[in-house]
Asks: 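The structure under discussion is supplied below as structure tokens; questions concerning it will follow.
Just so it is clear, the values below take in all heavy atoms, side chains as well, and ignore hydrogens, waters and symmetry mates.
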Amino acid sequence: MSTWSEDELCKIAEADDLHISPFREDGVTYGTPTWIWSVVVGDAVYVRAYNGKASRWYQAALRQKAGRITVAGMTKEVTFEPVDGPINDLIDDAYRAKYRDSPYLAPMTGSRARAATVKILPRETTT
């Protein structure tokens, strides 16, 4: 498994332009990029589905477990892991710090979006 570099984490933490594209059902074709909020906690990148577990990209990410993100001028092949437990409190804090002035902050730290939290990890690819 690959890890994010410190430089990549800094760029992602500052960026407000993450687009997520889980694979489609064929496991090869990328889905339509969806713009979502992202935060960095420790050495990992986390995202949440505003519409909770019913979100299409969230369902695809859990089913396919891989895809691509584009953020801060980088395009990365990634894996997706569902997240639960105490780490969500730290993720809430990161959302509050990064998006404190947004009217969408409360829903993104609410139970619906919190239940649809995903950890994004870089994926090794063979060329």
Side-chain angles (χ1 to χ4, degrees):
M1 182 186 330
S2 189
T3 59
W4 297 107
S5 73
E6 211 171 301
D7 183 56
E8 289 170 330
L9 288 171
C10 286
K11 287 178 180 176
I12 294 168
E14 293 173 6
D16 192 28
D17 67 343
L18 191 140
H19 288 79
I20 192 166
S21 303
F23 283 123
R24 295 190 187 274
E25 292 301 321
D26 65 8
V28 177
T29 308
Y30 296 101
T32 302
T34 301
W35 178 82
I36 56 174
W37 285 3
S38 64
V39 294
V40 171
V41 176
D43 62 354
V45 176
Y46 297 91
V47 295
R48 287 182 171 161
Y50 182 85
N51 290 315
K53 292 182 176 183
S55 171
R56 279 191 193 160
W57 77 257
Y58 175 80
Q59 290 177 8
L62 290 190
R63 246 187 343 267
Q64 300 301 322
K65 299 183 181 13
R68 170 189 290 167
I69 63 167
T70 304
V71 59
M74 301 179 285
T75 299
K76 294 286 187 177
E77 300 299 313
V78 295
T79 60
F80 306 114
E81 297 177 5
V83 174
D84 196 13
I87 188 68
N88 268 304
D89 294 335
L90 298 175
I91 296 167
D92 285 348
D93 291 343
Y95 271 101
R96 287 184 193 104
K98 186 171 181 178
Y99 299 103
R100 67 183 154 273
D101 296 327
S102 174
Y104 301 104
L105 177 60
M108 289 303 289
T109 56
S111 60
R112 181 175 70 174
R114 191 174 157 127
T117 304
V118 175
K119 182 178 185 178
I120 299 177
L121 297 164
R123 179 169 52 97
E124 295 289 331
T125 57
T126 54
T127 54

Asks: Linking Ile, Leu, Val, Met, Phe, Trp and Tyr through side-chain heavy atoms less than 4.5 Å apart, which residues share a cluster with Ile20?
Replies: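 Cluster partners of Ile20: Trp4, Leu9, Ile12, Leu18, Ile36, Val40, Val45, Val47, Trp57, Tyr58, Leu62, Ile69, Val71, Met74, Val78, Phe80, Val118, Ile120.
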
Asks: Take Thr3 and Leu121 through the side chain to side chain contact (heavy atoms under 4.5 Å, CB included) test and state the conclusion after the steps.
Replies: CA-CA 7 Å; Thr3 59; Leu121 297 164; over 6 Å; no

Asks: Determine whether the side chains of Asn88 and Thr117 contain a donor N or O and an acceptor N or O closer than 3.5 Å.
Replies: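 Side-chain D/A pair, Asn88 to Thr117: present.
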
Asks: First locate atom CZ of Arg96, then atom OG1 of Thr109, and finally report the distance between them rounded to the nearest 0.5 Å.
Replies: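 The distance works out to 5.0 Å.
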
Asks: For Ala94 versus Val41, what's the shortest heavy-atom pair and its separation?
Replies: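 Minimum heavy-atom contact is CB-CG2, 3.8 Å.
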
Asks: Restricting to side-chain hydrogen bond (donor to acceptor under 3.5 Å, both in side chains), what partner residues turn up for Arg112, sequence neighbours left out?
Replies: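 Testing Arg112 for side-chain hydrogen bond (donor to acceptor under 3.5 Å, both in side chains), a comparison that skips the adjacent residues, returns none.
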
Asks: So which atom in Ala113 and which in Pro107 form the shortest heavy-atom distance, rounded to 0.1 Å?
Replies: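 Scanning both residues, the minimum pair turns out to be CB-O, 3.4 Å.
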
Asks: Which residues satisfy the ring pair (Phe, Tyr, Trp, His ring centres under 6.0 Å) test with Tyr46, sequence neighbours excluded?
Replies: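 Residues passing ring pair (Phe, Tyr, Trp, His ring centres under 6.0 Å) with Tyr46: none at all.
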
Asks: For Asp7, which residues count as a salt bridge (charged side-chain N to carboxylate O under 4.0 Å, His left out) partner, sequence neighbours excluded?
Replies: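 Only Lys11 meet the salt bridge (charged side-chain N to carboxylate O under 4.0 Å, His left out) criterion with Asp7.
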
Asks: Using the test salt bridge (charged side-chain N to carboxylate O under 4.0 Å, His left out), find all partners of Arg68 that sit at least two apart in sequence or belong to another chain.
Replies: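 Arg68 satisfies salt bridge (charged side-chain N to carboxylate O under 4.0 Å, His left out) with Glu77 once adjacent residues are dropped.
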
Asks: Can you list the residues that meet the side-chain hydrogen bond (donor to acceptor under 3.5 Å, both in side chains) rule with Ser102, with sequence neighbours excluded?
Replies: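 Counting only residues at least two positions away or on another chain, Ser102 forms no side-chain hydrogen bond (donor to acceptor under 3.5 Å, both in side chains).
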
Asks: If the condition is salt bridge (charged side-chain N to carboxylate O under 4.0 Å, His left out), which residues does Arg63 pass it with, not counting sequence neighbours?
Replies: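 Salt bridge (charged side-chain N to carboxylate O under 4.0 Å, His left out) check on Arg63 returns Glu25.
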
Asks: Can you tell me which residue pairs pass the salt bridge (charged side-chain N to carboxylate O under 4.0 Å, His left out) test with a partner in residues 29-52, sequence neighbours excluded?
Replies: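 Of all non-adjacent pairs touching residues 29-52, those that pass salt bridge (charged side-chain N to carboxylate O under 4.0 Å, His left out) are Arg48-Asp92.
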
Asks: Which residues pass the side-chain hydrogen bond (donor to acceptor under 3.5 Å, both in side chains) test with Asp89, sequence neighbours left out?
Replies: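 Only Arg114 meet the side-chain hydrogen bond (donor to acceptor under 3.5 Å, both in side chains) criterion with Asp89.
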
Asks: Relative to each other, are the rings of Tyr99 and Trp37 parallel, tilted or perpendicular (30° and 60° limits)?
Replies: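 Plane angle under 30°, so parallel.
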
Asks: To the nearest 0.5 Å, what is the distance between NZ (Lys76) and CZ (Arg123)?
Replies: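 If we round to the nearest 0.5 Å, Lys76:NZ and Arg123:CZ are 12.0 Å apart.
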
Asks: Any salt bridge (charged side-chain N to carboxylate O under 4.0 Å, His left out) pairs touching residues 97-111, not counting sequence neighbours?
Replies: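 For residues 97-111: none.
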
Asks: Under 4.5 Å between side-chain heavy atoms, chaining through other members, with only Ile, Leu, Val, Met, Phe, Trp and Tyr counted: pull out the rest of the cluster around Phe23, sorted by chain and number.
Replies: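 Direct or chained contacts put Phe23 with Tyr30.
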
Asks: What are the two closest non-hydrogen atoms of Ala116 and Gly52, and how far apart are they?
Replies: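 Shortest heavy-atom separation between Ala116 and Gly52 comes out as CB-C, 3.5 Å.
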
Asks: Would you find a donor on one side and an acceptor on the other, under 3.5 Å apart, between the side chain of Asp26 and the backbone of Thr29?
Replies: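 Yes: the side chain of Asp26 pairs with the backbone of Thr29.
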
Asks: Which residues pass the salt bridge (charged side-chain N to carboxylate O under 4.0 Å, His left out) test with Lys119, not counting sequence neighbours?
Replies: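 Residues passing salt bridge (charged side-chain N to carboxylate O under 4.0 Å, His left out) with Lys119: none at all.
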
